Visitor: 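Structure in C-alpha cells, see below.
In what follows, every chain begins at residue 1, and chains take the letters A, B, ... in the order their sequences are listed. Note that this is a predicted model, so its numbers are computed, not measured.
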Amino acid sequence: MPELPEVETIVRSLRSALVGQTINSGEILWPRTLAAPGMQEFTARLPGQTIQSLGRRGKHILIHLDPDTLIIHLRMSGDLRVEEGCDPQGVPLSLQKHDRAAFHFDSGQRLVFINPRKFGRVWLTNNPSGLLDKLGPEPLDEAFTADVFYQRLQAHKRQLKPLLMDQHFLAGMGNIYTDEALHQARLHPLRISNSLTRKEAELLWQAIREVLQEGVRRNGASIDWVYRGGDFQNDFKVYQRTGEPCAVCGTTIERMLVGQRGTHYCPVCQKQHG
DNA sequence: ATAAACGCCTGACGGC
DNA sequence: TGCCGTCAGGCGTTTA
C-alpha cells in the first residue's frame, strides 16, 4: 500500500508505539529486502539504537535512530505492524509467511515488515540525505508553490502521467492519485508537460494537493487484500472505474496503458488537445 | 532527454 | 477442481 497518503497514514499510526523503543536486534528474512548496508554491518550496528522520531519523505518511511536512520520503502505490497514478540510465558511468537524483516525491541515488542511481493526495501544509513536528496519536492510542502511546479513542468517535455509518477520530479504520487489528479484538473495523461499553460499548471498543482490531502484525511485507500482501514477508494472518480460513467459528464471511463501502468480517464473531460 | 520494455514477486480473479 | 492469462498502490536497469 504505498502512495503518499497511505505511507503518511502508516507513519502516523506507528509513531506513538515506536518512539522511545530501543532496538535489541534486527532480523532480515528475505535477504534482498536489505538494500544497504551489508547484512553483517546491519546486524552489528542496530542493537542499542533508540527510535527518536518517525518521518516521511515521499513514499519513504523514516525511522530516526541515534546515530543512524532506518528507511523503509513499502513498494507495491508492503505493510508494517507492531506486536508483542512473545506470549505471556515468554515463548517467542512465530513470524508469518510474508514477513520479510523484524526489529526486536528491548520492551519485548517488535516491528514487522510484511511484504508479500518482496519488492520492498530497507536501508540503515548515517547519511539519509544521500538517498532522499534525489527525490523531487514534497507536494504538500509550503515550498512547493504553483510557480515552482509550473517551472518544473516547463523544464521537461514529457507525458504528464509518467512525469508525475517520476519520484525525481515529484515525491509521493503513485498510480491512483496521479489518475485522480489528472481527472480533477481535466488534463489528458499523455499531454506534454511543457505544453501546459500557466493556468493549466495551477489547476493541476491544486488538484494534486487536493487529492493527496483528501487521501490523507481519509487514511488512504484500501484495495485488494492489503487492507489498511482507509476509505478514499469510495471517492475515486476514475481509478478502477473503467466502464462506469464519469461523475462530471456521464461519459464512460476508459482505460489505457501508459508506461505499463493501467491509466483511467474520461475521454471527454480529459481531451488530449484543447 | 525521453520513453518503452523488462525484471523483480506473490496472489486474486475471471474464463474455460 | 485446475489451469491460464491478466492484473495489482513501485522502481531500477537496459535498450531504442
Visitor: Do F232(A) and Y177(A) have their ring centres less than 6.0 Å from each other?
Guide: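 Yes - the distance between ring centres of F232(A) and Y177(A) falls below the 6.0 Å cut-off.
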
Visitor: Just how far, in rounded Å, is P of dC8(B) from CH2 of W30(A)?
Guide: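 After rounding, the gap between these two atoms is 11 Å.
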
Visitor: Is it true that R261(A) and D179(A) make a salt bridge, defined as a side-chain N closer than 4.0 Å to a carboxylate O?
Guide: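 A salt bridge is absent here (no side-chain N lies under 4.0 Å from a carboxylate O).
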
Visitor: Should E202(A) and K199(A) count as an ion pair when the cut-off is N to O under 4.0 Å?
Guide: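 No salt bridge links E202(A) with K199(A).
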
Visitor: Side chain of Q260(A): nearest nucleotide among dG10(C), dA5(B), dC9(B)?
Guide: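 Comparing dG10(C), dA5(B), dC9(B) against the side chain of Q260(A), the answer is dA5(B).
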
Visitor: In whole angstrom, what separates L257(A)'s CG from dA4(B)'s P?
Guide: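 In whole Å, dA4(B) P lies 11 Å from L257(A) CG.
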
Visitor: Distance between the P atoms of dG7(B) and dG5(C), in whole angstroms?
Guide: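 Taking atom P in both dG7(B) and dG5(C), they lie 16 Å apart.
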
Visitor: Is any side-chain nitrogen or oxygen of K157(A) closer than 4.0 Å to OP1 or OP2 of dA3(B)?
Guide: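 For dA3(B), OP1/OP2 do not have a side-chain N/O of K157(A) under 4.0 Å.
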
Visitor: Does Y239(A) reach a base, just sugar-phosphate, or nothing at all? Heavy atoms under 4.0 Å.
Guide: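 It contacts sugar-phosphate atoms only.
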
Visitor: Take the protein atom CE of M76(A) and the nucleotide atom C1' of dT10(B), then report the distance between them rounded to whole Å.
Guide: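 Answer to the nearest Å: 11 Å.
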
Visitor: Using a cut-off of 4.0 Å between protein heavy atoms and nucleotide atoms, how would you tag nucleotides 11-16 of chain C 5' to 3' with B, S and -?
Guide: S-----

Visitor: Quick one: is R121(A) getting a side-chain N or O under 4.0 Å of the dG10(C) phosphate, OP1 or OP2?
Guide: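 For dG10(C), OP1/OP2 do not have a side-chain N/O of R121(A) under 4.0 Å.
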
Visitor: Between Q154(A) (CD) and dT2(B) (P), how many Å, whole number?
Guide: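 Rounding to the nearest Å, CD of Q154(A) and P of dT2(B) are 12 Å apart.
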
Visitor: Write down the distance between CZ (F113(A)) and C1' (dT10(B)), rounded to a whole number of angstrom.
Guide: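 My rounded result for the distance is 14 Å.
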
Visitor: Ring stacking, F119(A) with base of dC9(B), under 5.5 Å and under 30°?
Guide: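 So F119(A) does not count as stacking on the base.
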
Visitor: Within the pair R158(A) and dA3(B), is there a side-chain N or O less than 4.0 Å away from OP1 or OP2?
Guide: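 Checking R158(A) against dA3(B): at least one side-chain N or O falls below 4.0 Å of OP1 or OP2.
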
Visitor: Grab the two heavy atoms, one from A247(A) and one from K237(A), that are nearest each other, plus how far apart they are.
Guide: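 That would be CB-CD, 4.3 Å.
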
Visitor: Locate the shortest heavy-atom distance separating E3(A) from I176(A); write the atom from each residue and the value.
Guide: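 Of all heavy-atom pairs spanning E3(A) and I176(A), the closest is OE2-N, 2.9 Å.
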
Visitor: Over how many whole Å does the gap from I176(A) atom CD1 to dC7(C) atom P extend?
Guide: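 Rounding to the nearest Å, CD1 of I176(A) and P of dC7(C) are 17 Å apart.
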
Visitor: Identify whether any heavy atom of S222(A) sits under 4.0 Å from a base atom; if not, whether one sits that close to sugar-phosphate; answer base, sugar-phosphate or nothing.
Guide: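 The residue S222(A) makes base contact.
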
Visitor: So, are R57(A) and E138(A) salt-bridged, with charged N and O less than 4.0 Å apart?
Guide: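 A salt bridge is present here (some side-chain N lies under 4.0 Å from a carboxylate O).
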
Visitor: Of all the choices, dA3(B), dG11(B), dT10(B), which nucleotide is nearest to the side chain of K97(A) once you look at every atom?
Guide: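 The listed nucleotide nearest to K97(A)'s side chain is dG11(B).
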
Visitor: Nearest whole Å is fine: how far is dG11(B) C1' from R100(A) CZ?
Guide: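 Value for this atom pair: 12 Å.
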
Visitor: Roughly, in whole Å, what's the span from CG in N115(A) to C1' in dG10(C)?
Guide: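 N115(A) atom CG is separated from dG10(C) atom C1' by 11 Å.
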
Visitor: Would the base of dA8(C) count as contacting R117(A) through its side chain, where contact means a donor and an acceptor less than 3.5 Å apart?
Guide: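 By the distance-only test, yes, there is a pair.
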
Visitor: Do the charged groups of E200(A) and R191(A) touch, with an N to O distance under 4.0 Å?
Guide: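 Yes, charged N to carboxylate O under 4.0 Å.
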
Visitor: Assign the ring pair F42(A) / F103(A) to parallel, tilted or perpendicular, where the plane angle (0 to 90°) is split at 30° and 60°.
Guide: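 Rings of F42(A) and F103(A): perpendicular, over 60°.
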
Visitor: Any side-chain N or O of K118(A) less than 4.0 Å from the OP1 or OP2 oxygen of dT10(B)?
Guide: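 For dT10(B), OP1 or OP2 has a side-chain N or O of K118(A) closer than 4.0 Å.
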
Visitor: Using a 3.5 Å limit on both pairing distances, list the dot-bracket string of DNA chain C from the 5' end; Watson-Crick and G-U wobble pairs count, crossing pairs take [ ], interstrand pairs take |.
Guide: .|||||||.|||||||

Visitor: Look at the side chain of E254(A) and the backbone N and O of T263(A), then say whether any donor-acceptor pair between them is shorter than 3.5 Å.
Guide: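 No; judged by distance alone, with no hydrogens or angles, the pair does not exist.
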
Visitor: Picking from Y150(A), F149(A), F169(A), what satisfies ring pair (Phe, Tyr, Trp, His ring centres under 6.0 Å) with H156(A)?
Guide: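 Between H156(A) and the candidates, ring pair (Phe, Tyr, Trp, His ring centres under 6.0 Å) is satisfied uniquely by F169(A).
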
Visitor: Does a side-chain N or O from H156(A) land closer than 4.0 Å to OP1 or OP2 of dA1(B), or not?
Guide: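 So the side-chain polar atoms of H156(A) never come under 4.0 Å of the phosphate oxygens OP1 or OP2 of dA1(B).
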
